[in-house]
Number of protein chains: 2
Amino acid sequence: MLPLNNVTNTVESSKQLGIGKVVRYCVICGDKSSGFHYGVLSCEACKGFFRRGHNSEFKCKYMTPCVITMENRNDCKACRLKKCREVGMNKQPQSLQPAKVPIDPIQQDKLEFEWISQQIRRLYSSNYDYSSDRMRLMTIKDLQLENNTKTLQHFINEINSDITSFVLFLKSVPLLDDMTPEDKSILMKRHAFSIYVVRSAPAYTENGFLCMNGGRIAWQKFYDVYGELGIKMNAFATEIREMNFTESEIGVFVMLIMLQPIPVEDVVQTGFQNVSLLTETHTRFSKILNYQLTTRDPENRLFDKIQGLIEEVNTINNLHKQSIKLIETNITSFSVPPLFADVFGFLDAVLDDQTVE
Amino acid sequence: MLPLNNVTNTVESSKQLGIGKVVRYCVICGDKSSGFHYGVLSCEACKGFFRRGHNSEFKCKYMTPCVITMENRNDCKACRLKKCREVGMNKQPQSLQPAKVPIDPIQQDKLEFEWISQQIRRLYSSNYDYSSDRMRLMTIKDLQLENNTKTLQHFINEINSDITSFVLFLKSVPLLDDMTPEDKSILMKRHAFSIYVVRSAPAYTENGFLCMNGGRIAWQKFYDVYGELGIKMNAFATEIREMNFTESEIGVFVMLIMLQPIPVEDVVQTGFQNVSLLTETHTRFSKILNYQLTTRDPENRLFDKIQGLIEEVNTINNLHKQSIKLIETNITSFSVPPLFADVFGFLDAVLDDQTVE
DNA sequence: CAAGGTCAACATGACCTC
DNA sequence: CGAGGTCATGTTGACCTT
Ligand SMILES: [Zn+2]
Ligand SMILES: [Zn+2]
Ligand SMILES: [Zn+2]
Ligand SMILES: [Zn+2]
């Protein structure tokens, strides 16, 4: 039994209470709905499909009945049309036009979670160098690193590159439209290293740390630079991998890290503006991750492990804030890209002409 | 081990000996090939697909790797492109252009059998009222038949209608292009009742004989009209159903019945022209059915049962030739459509204004 | 012959009109 | 609001040109 089935606590029900814009979803494919069409809450696409094809005869060529989604709706006209009919679409002239099929709030909530999950997956995957698609195409090559400075420089580049991608993700991530770029930036900076460690979890392989371009850093080199912290990072990455997160789930998980409550003193110090929006958004992402994990694996209570993971990565993030000073004190030995410097608070000399390869 | 694997006896090898037109098949999807493209024997469609998409990156969304066929080639671009590459398609500028991938005669034979089977399936299904698609949509309704004349009239109409469909099938059936309509007609008439019995096999249900429009004739009425012959017909239909023929296989099976050797005296009497073409065509269809049955069920030697079935239906056909005189002698009691009259040799009074409903 | 271009046919879905 | 129309967009594959 999914937590969703509690009618009194659905997103849909809060909508009915007038909180937030009303967004409805197509009961055929789950895409955003543009209202009722042929008696059924449906999207423009399914509406057009039914208008064109309501009296066609298609034949499904698959063994098992197709489950229609936003992504596969064009794969089987037969099952799409069948679904249209099943959910009650009809094309009566005007006379005996049956009543609209009423809105099912629980279904709408489910569809909303799925719609958002899917948006996040697309967005996250296209701004993520360790996506399984790209991992497959990666050509691994061991890096020869003469000293710690070289190794650290590699990580500076890696982190800078990953944050650059993540910022693009943040720019369009759903449910965060109303947050100002400044607030987003403050939150991102607070948890930048956490974010990197989570996102780079697939890089921790048996034979070394995989850079995004396929370069592999031997564990010895890695530990030479990160020391004790490195051991924690590796252990944490393993726990993350063992969760078997989908890319959509990682996206939401990272949001949960970033959207943790911010202490009052930090609000003041950073000039963070909209605390209530932060709280609200955190709650919504939390519900989404809960839905995702419960749906994927109803047996194990995966969501229960999330809080522990977040605390663990918070620890790593804090430790890193101390060790980062190693770079700051030796700033002239490194080529530090502006974004990296900004994120980790190197206020002083960062040359303009420094470039990231 | 398929009989096909005998290289010295492939259709492909006879082509190499200069017998017949050379037809080649796309090694990617099995459609007719228009020659070598990008190094590989392929069709216009796969050629165009590879030209447009050779450097694209697609992602297969299915669990199991897709098997590309003429019919499904547009369903998974990823696997289609993969197959293009696997069979050796390449788009080198001009310089190090690898040698053409040589023709595999065994593969070509297989593809030819499959191509023809598929053509026959399409053609047969669209000219067949007992196709499983139409059977599904059939609404059954028990017929009230007051006397044998009424029952027989129903069968006259059924047979006439089925033969009409079959003639359309014959008109475009592959491998028979070179046979004259006159010769086709002679053969069809010889075995018209056999053809009907085979094609109407799905009509023999537990509760009666199903007419094409869904009308059901009780077995008692059926036997009142057909007597002993009816028992043979029913038994034969059961055997046919137990073969679990695909529609393509029924199409070929019917051709085998029709293309049986014609005795010399009948050649003379009917004015049949091209006996050698008849023999040759019979052999080709025979090979096709053998291929189809062996591929579908390599364990049971289904093809071995074919000769027996043909002899059985020949017997029924001959018995029917005698009982048909019942109609001829009472011709005025019936409405006999011209095609029916022609096929069963009612040379005399068939009124011009008789129509088939 | 085969590589590449062309384009009619088709399906889709965002947007518009009433 | 929603039914219906519109049309830009993208893909396909038969046919043509070189
Ligand atoms: Zn839809
Ligand atoms: Zn389907
Ligand atoms: Zn092909
Ligand atoms: Zn595939």
Side-chain angles (χ1 to χ4, degrees), chain A residues 22-58 68-81 84 87-103 115, chain B residues 22-58 68-81 84 87-103 115:
Chain A
V22 183
V23 185
R24 308 251 191 238
Y25 298 88
C26 173
V27 299
I28 294 142
C29 74
D31 203 350
K32 283 206 169 166
S33 160
S34 56
F36 282 84
H37 305 293
Y38 309 108
V40 170
L41 209 48
S42 48
C43 67
E44 282 297 300
C46 291
K47 163 193 160 191
F49 175 74
F50 191 73
R51 172 161 41 76
R52 288 191 300 271
H54 62 99
N55 45 15
S56 313
E57 275 186 34
F58 304 117
I68 307 299
T69 69
M70 203 185 331
E71 286 156 300
N72 73 10
R73 65 189 174 202
N74 289 322
D75 292 350
C76 183
K77 294 179 205 289
C79 293
R80 189 184 192 181
L81 184 56
C84 285
V87 298
M89 272 195 170
N90 67 86
K91 217 160 178 297
Q92 308 298 354
Q94 219 130 338
S95 42
L96 204 127
Q97 185 91 332
K100 286 177 185 178
V101 175
I103 294 172
W115 191 85
Chain B
V22 183
V23 185
R24 308 254 192 236
Y25 298 88
C26 173
V27 298
I28 294 141
C29 74
D31 203 349
K32 282 205 169 168
S33 160
S34 57
F36 281 85
H37 306 293
Y38 309 108
V40 169
L41 209 48
S42 48
C43 67
E44 282 297 299
C46 291
K47 162 193 158 189
F49 175 74
F50 190 73
R51 171 161 42 77
R52 288 191 301 271
H54 62 97
N55 44 16
S56 312
E57 275 185 33
F58 303 116
I68 306 299
T69 68
M70 205 186 327
E71 284 155 302
N72 73 9
R73 65 188 174 204
N74 289 322
D75 292 350
C76 183
K77 294 179 206 287
C79 293
R80 188 184 193 180
L81 183 57
C84 285
V87 299
M89 271 195 170
N90 68 86
K91 220 161 173 295
Q92 309 296 354
Q94 218 129 343
S95 41
L96 205 127
Q97 184 93 332
K100 286 177 184 176
V101 175
I103 294 171
W115 191 86

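Since the model is a prediction, treat every value here as computed from it, not as a measurement. Order of the sequence lines fixes the chain letters, A, B, ..., with proteins taken first and strands second; residue numbering starts at 1 for each chain.
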Q: Could you tell me whether D31(A) and R73(A) have a side-chain N and a carboxylate O separated by less than 4.0 Å?
A: yes
Q) Taking only residues two or more places apart in sequence, or in another chain, which ones meet N72(B) in a side chain to side chain donor-acceptor pair (under 3.5 Å)? A) T69(B)
Q.
Reading DNA chain C from 5' to 3', where do the contacts with chain A start and stop? Cut-off is 4.0 Å to heavy atoms.
A. dA11(C) to dC15(C)
Q: Answer yes or no: is there a side-chain heavy-atom contact under 4.5 Å between R80(A) and N74(A)?
A: yes
So which protein nitrogen or oxygen atoms get under 3.5 Å of nucleotides 15-18 of chain D's nitrogens or oxygens?
from	atom 1	to	atom 2	distance (Å)
dC15(D)	N4	E44(B)	OE1	2.5

Q) In whole angstroms, how far is the P atom of dG4(D) from the CE atom of M89(A)? A) 12 Å
Going by atom type alone, with no hydrogens or angles, which donor-acceptor pairs under 3.5 Å involve a side-chain atom of residues 37-53 of chain B and a protein atom two or more places apart or on another chain?
from	atom 1	to	atom 2	distance (Å)
H37(B)	NE2	S34(B)	OG	2.9
S42(B)	OG	V40(B)	O	3.0
E44(B)	OE1	K47(B)	NZ	3.4
E44(B)	OE2	S34(B)	OG	2.7
E44(B)	OE2	K47(B)	NZ	3.4

Q. F49(A) has an atom CZ; how far is it from atom C1' of dG5(D), in whole Å?
A. 18 Å
Q) Between V101(B) and M89(B), is any pair of side-chain heavy atoms under 4.5 Å apart? A) no
Q: Output all residues satisfying side chain to side chain donor-acceptor pair (under 3.5 Å) with N90(A), sequence neighbours left out; order by chain, then residue number.
A: none
Q | Neighbours of DNA chain C within residues 73-81 of chain A, by heavy-atom distance under 4.0 Å | A | R73(A), N74(A), K77(A), R80(A)
Q: Whole angstrom is fine here: how far is it from NZ in K100(A) over to C1' in dA3(D)?
A: 13 Å
Q: Take the C1' atoms of the five end pairs on each side of the helix from dA2(C)-dT18(D) to dC18(C)-dG2(D), get both axes, and report the angle to 10 degrees.
A: 30°
Q. Which pair of non-hydrogen atoms, one from I103(B) and one from R24(B), has the smallest distance, and what is that distance?
A. CD1-NE, 3.4 Å
**Q.** Nearest non-hydrogen partners of C84(A) and I28(A), listed with the distance
**A.** SG-CD1, 3.9 Å
Q. Can you list the residues that meet the side-chain contact (heavy atoms from CB on, under 4.5 Å) rule with K32(B), with sequence neighbours excluded?
A. V23(B), Y25(B), W115(B)
Q. Between residues 31-38 of chain B and DNA chain C, which residues have a heavy-atom gap below 4.0 Å?
A. G35(B), F36(B), H37(B), Y38(B)
